[in-house]
Protein chains: 2
Amino acid sequence: METLPDKTVERLSQYRRSLNNQLAKGKEHIFSHEIANLLHITSVQVRRDIMLIGYSGTLRKGYDIKELVHLIGVILDTDQGQKIAVIGMGNIGKGFIHYLYEKRSKLKIVAAFDINPEKIDKTYADVYCYHLDKLEEIIQNENIKIGIITTPPLVAPEIANKLVNAGIKGILNYTPKPLSVPDDVYLEEYDMITSLEKVAYFVKEK
Amino acid sequence: METLPDKTVERLSQYRRSLNNQLAKGKEHIFSHEIANLLHITSVQVRRDIMLIGYSGTLRKGYDIKELVHLIGVILDTDQGQKIAVIGMGNIGKGFIHYLYEKRSKLKIVAAFDINPEKIDKTYADVYCYHLDKLEEIIQNENIKIGIITTPPLVAPEIANKLVNAGIKGILNYTPKPLSVPDDVYLEEYDMITSLEKVAYFVKEK
DNA sequence: TTTCTATTGTTAAAAAAATAACAATATTTT
DNA sequence: AAAATATTGTTATTTTTTTAACAATAGAAA
């Protein structure tokens, strides 16, 4: 399958979670407009996304939730799962670890890094925190492919370099400092302050 | 001015921060390609955004940083500033408070809410945490117009309702539970797990 | 059985966003 | 002084994303 559009990937992740909720409630089939209602989007969009991943529902019966969830899994997940490292054990770093804690997902945060002695060699929600000096070593030994940067912005570029050198293939940058990485590394940036300023702007304009 | 495109607003927020850094370094003028390099985008995009806000640079000299920062302020900020409440004093809630702490920005987090007695009636980075029961009262008295929801997902819809009833005009929803709000309330949703699954997908596909 | 209805799957159109193209021109170089 | 160059501002094009339109049809209703 050719790579899916960005936005479709995002929605698939959301469909899956909503669908799992529905499964847990005992629901077995679902219509496109029901999925749409759960996510507050349109049913066309749902159908289009489902078309793009090559799944088909049954007319008048909708989609088989279990099958759909499974297929989304085939698309989004890898069989062995993907290991993640968090760099920066501040509030946001902890937030990520906490969010994934006890979710049996194919994504696993397997290491955290910091330079603060009070955080190093301790465990937060089963994730061990190492000194930043161990970054390359642990990432290579553990075969970690994804890194989340939640450090102070100033050091983000240097962390990104280390991650890339250690063989990381995807970075989620949570600092407001824009990064650049080689073409074979996927970079997703998210800036909390920008989100907030955006809300503020549209509040002002309304 | 007609409302600016979504993405332009996001970039303006980022331009401003980068430009302030440059000002702090003593730089007074800047070319579009220099801004572009700072953000790892293209210079055309920078020029287009700047065109959209109606600013003009000087040929061969670039943009006057101070003027540009000022104009972005005129667009993004309100004179009196905007007050923000954080609902949910977990890691992410604290993260937001911490991020805005001591930044002299027109955005101010002025109250936090939780239901955990250990958090209530305490102050974190100068932000006082109230019991959730006080939500409507404080929001109205303080004239808070923006709310950040960082609670467990299950209660997010109920919080959103309370916020809307209390007169909030913009919500940043950090929980994975999709919300719906009346048309006159601006809603921005962000889902940490989805970001991460997106990175994972594109790492897998590369 | 026949007609009606709800729903899917897909193509077509529209809207939003990014990128390219390029004319205009101030400044620098020759 | 003339030519070359670097840079802006803007229009045009392309790409991406969303939305609309609608044919096909399984199942429900008549």
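Fair warning: this is a prediction, and the values are worked out from it, not measured in the lab.
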Undergrad: Start at the 5' end of DNA chain D and walk down; is the nucleotide closest to Lys7(A) or to Ser43(B) reached first?
TA: Ser43(B)
Undergrad: Considering every strand and a 4.0 Å limit on heavy-atom distances, what is the contact class for Ser56(A): base, sugar-phosphate, or nothing?
TA: sugar-phosphate
Undergrad: Report yes if some heavy atom in the side chain of Arg16(B) is under 4.5 Å from a heavy atom in the side chain of Leu76(B); otherwise report no.
TA: yes
Undergrad: Rounded to whole angstroms, how far apart are CZ on Arg11(A) and P on dT17(D)?
TA: 9 Å
Undergrad: Distance check needed: dT7(D) P versus His33(B) NE2, whole Å only.
TA: 5 Å
Undergrad: Measuring centre to centre across the rings, with the benzene-like ring taken for any Trp, is Tyr99(A) within less than 6.0 Å of Tyr101(A)?
TA: no
Undergrad: Tell me which nucleotide among dG9(C), dT10(C), dA18(C) gets nearest to the side chain of Val44(A).
TA: dT10(C)
Undergrad: If the threshold is 4.0 Å, N to carboxylate O, is there a salt bridge linking Arg17(B) and Asp191(A)?
TA: yes
Undergrad: Counting just side-chain N and O atoms, does Arg48(B) come under 4.0 Å of either OP1 or OP2 of dT11(D)?
TA: no
Undergrad: Whole-Å distance between dT16(D) P and Leu4(A) CG?
TA: 13 Å
Undergrad: In whole Å, I'd like the distance from the CG atom of Leu59(A) to the C1' atom of dT10(C).
TA: 14 Å
Undergrad: Is Asp184(B) salt-bridged to Lys169(B), going by a charged N under 4.0 Å from an acidic O?
TA: yes
Undergrad: Between atom NZ in Lys61(A) and atom C1' in dG27(D), what is the gap in whole Å?
TA: 11 Å
Undergrad: Using a cut-off of 4.0 Å on non-hydrogen atoms, how would the nucleic acid contact of Ser32(A) be classed: base, sugar-phosphate, or nothing?
TA: sugar-phosphate
Undergrad: Atom CG of Leu52(A) and atom C1' of dT8(C): how far apart are they, to the nearest Å?
TA: 15 Å
Undergrad: Quickly work out the Tyr55(A) OH to dT10(C) C1' distance and round it to whole Å.
TA: 18 Å
Undergrad: Pick the closest DNA chain D nucleotide for Thr58(A) and for Gln45(A) by heavy atoms, then say which residue is nearer the 5' end.
TA: Gln45(A)
Undergrad: Would you tell me whether Tyr186(B) and Glu188(B) have side-chain atoms, one donor and one acceptor, within less than 3.5 Å of each other?
TA: yes
Undergrad: Could you tell me the separation between the CG atom of Asp49(B) and the C1' atom of dT8(D), rounded to a whole number of Å?
TA: 15 Å
Undergrad: So does Arg47(A) reach the base of dT10(C) with its side chain, donor to acceptor, closer than 3.5 Å?
TA: no
